[in-house]
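These notes concern the structure reproduced below.
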Amino acid sequence: MLYLHSLDDASAVFRALGTTTRIQIMQLIYENPAMTMNELARELGITNSAVSMHVGKLQEAGLVTIETTTGRRGIAKIVRPAHNRLVVDMSPAPVKIDNCYQDDIKVGYYTRAQIQPVCGLATASGIIGELNDPKVFSYPERFDADILWLRSGSIRYNLPNRLKPGQTVSKLQFSFEISSKSAVGFGECPSDIYFSLNDVPIGKWTSPGDFGFRRGIISPLWWPSDLNQFGRLQSVVVDETGTFTDGVRRISDVTIHDLHIDSNTAINFTFTVPEDSANSGGLTIFGESFGDYSQNIRMRMYYEE
């Protein structure tokens, strides 16, 4: 997948795809990923030099690769697509926020996992260990994981505390892409996902289900169609007035002052799906290589001097 973080980053790609001929070339090589320059010229009814020019523009934009091989009549150049998917983030570039520390934590950087099957971990290139085997959550490969799922249990992350002496935290904001995890199939599978901070329960959010009616926008092509495909981008905010999801829905009266965080305090954020909950539908956490959002677990810490 080619992920472009802004419209400026995508400008070269837009220019490369700005002619009908180049779009036709891309369509042809996706249908047949081993077409040569000569075959493209014959199919399009244009000269070899014209094909070379158009393919060169696509190569400059990173959309195709050219492989040289020996053919029946000498050297042949095979044109192949470089990516299976193109995603352009059209939102404005993030503006630096004053008095705020931000950290993105990979899904596999948890510090404690209490897991019940169904469960699993995967990196952008493959499944880690065996599916539904809780012990894979202790494998060192888990640090590269970009997605994890569990039927019930908890997963804890120790997050950076960048406060300096004399700075006081005024708000903590967490965001992540999550969904339920059904034992079988997809669809309506509500799950009560509880959040706690430094072992203080701060509320819950009920996921409506696990989502598999289409592929995740950024999920790799090898990702099996019978596993969760995408989730909801959810936020949890703790400020001076309480705890909220999506910035508006109050889920508890716990305030930032109740957590007693200073520059020496550990910050442990825990997701829990109790087995005996009214809606025990599991949990999936998506990282930057899976789902619909190229984002890991993100924490913003707002502070006052």
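Numbers here are sequence positions counted from 1. We use all heavy atoms of the structure for the numbers below, so side chains are in, but hydrogens, waters and symmetry mates are not.
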Can you confirm whether the side chains of [X] and [Y] place a donor and an acceptor under 3.5 Å from each other?
X	Y	value
N228	S179	yes
T272	T270	no
N279	S277	no

If you count heavy atoms of other groups shown closer than 6.0 angstrom to [atom1] of [X], is the number above 12?
X	atom1	value
K106	NZ	yes
E305	CD	yes
E43	CD	no

Heavy-atom check, side chain of [X] versus side chain of [Y], under 4.5 Å:
X	Y	value
E67	R80	yes
M37	I66	yes
V200	D258	no
I155	Y157	yes
R156	D199	yes
N296	I105	no
L28	E31	yes
I261	L172	yes

Does [X] belong to the same Ile/Leu/Val/Met/Phe/Trp/Tyr cluster as [Y], with side-chain heavy atoms less than 4.5 Å apart forming each link?
X	Y	value
V136	V118	no
Y293	L227	no
W222	I128	no
I78	I25	no

Gap between atom [atom2] of [Y] and atom [atom1] of [X] - 0.5 Å precision:
X	Y	atom1	atom2	value
T168	N99	OG1	CG	11.0 Å
R298	D104	CZ	CG	4.0 Å
F269	I267	CZ	CD1	11.5 Å
Q167	S263	CD	OG	8.5 Å
L150	K181	CG	NZ	10.5 Å
K204	S252	NZ	OG	12.5 Å

| query | Parallel, tilted or perpendicular: which describes the rings of W149 and W223, with under 30° parallel and over 60° perpendicular? | reply | perpendicular
| task | Anything under 30° is parallel, anything over 60° is perpendicular, the rest tilted; go ahead and classify Y110 against F137. | result |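 If you compare the ring of Y110 with that of F137, the planes turn out tilted.
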Side-chain donor/acceptor of [X] to backbone N/O of [Y], under 3.5 Å:
X	Y	answer
Q116	R151	no
N198	N268	yes
H260	T265	no
T255	T241	no
D103	M299	no
Y303	Y101	no
S152	V273	no
R142	V107	no
N161	D262	yes
T123	S125	yes

Do you know the tightest heavy-atom contact between [X] and [Y]?
X	Y	result
I256	V238	N-CG1, 3.7 Å
L197	L259	CD2-CD1, 3.3 Å
S280	S191	C-OG, 4.3 Å
G281	S180	O-CB, 3.3 Å
R250	G242	NH1-CA, 3.7 Å
I29	V79	CG2-O, 3.7 Å

| said: Suppose we call two aromatic rings close when their centres sit under 6.0 Å apart. Are F271 and Y194 close by that rule? | reply: no
| request: Check whether the ring centres of F195 and F174 lie less than 6.0 Å apart, and answer yes or no. | output: no
| Identified ring pair (Phe, Tyr, Trp, His ring centres under 6.0 Å) partner of F211 from the options F230, F290, F286 |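 Testing F211 for a ring pair (Phe, Tyr, Trp, His ring centres under 6.0 Å) against F230, F290, F286 leaves exactly one candidate, F230.
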| Ion pair R214/D292, N-O distance below 4.0 Å | yes
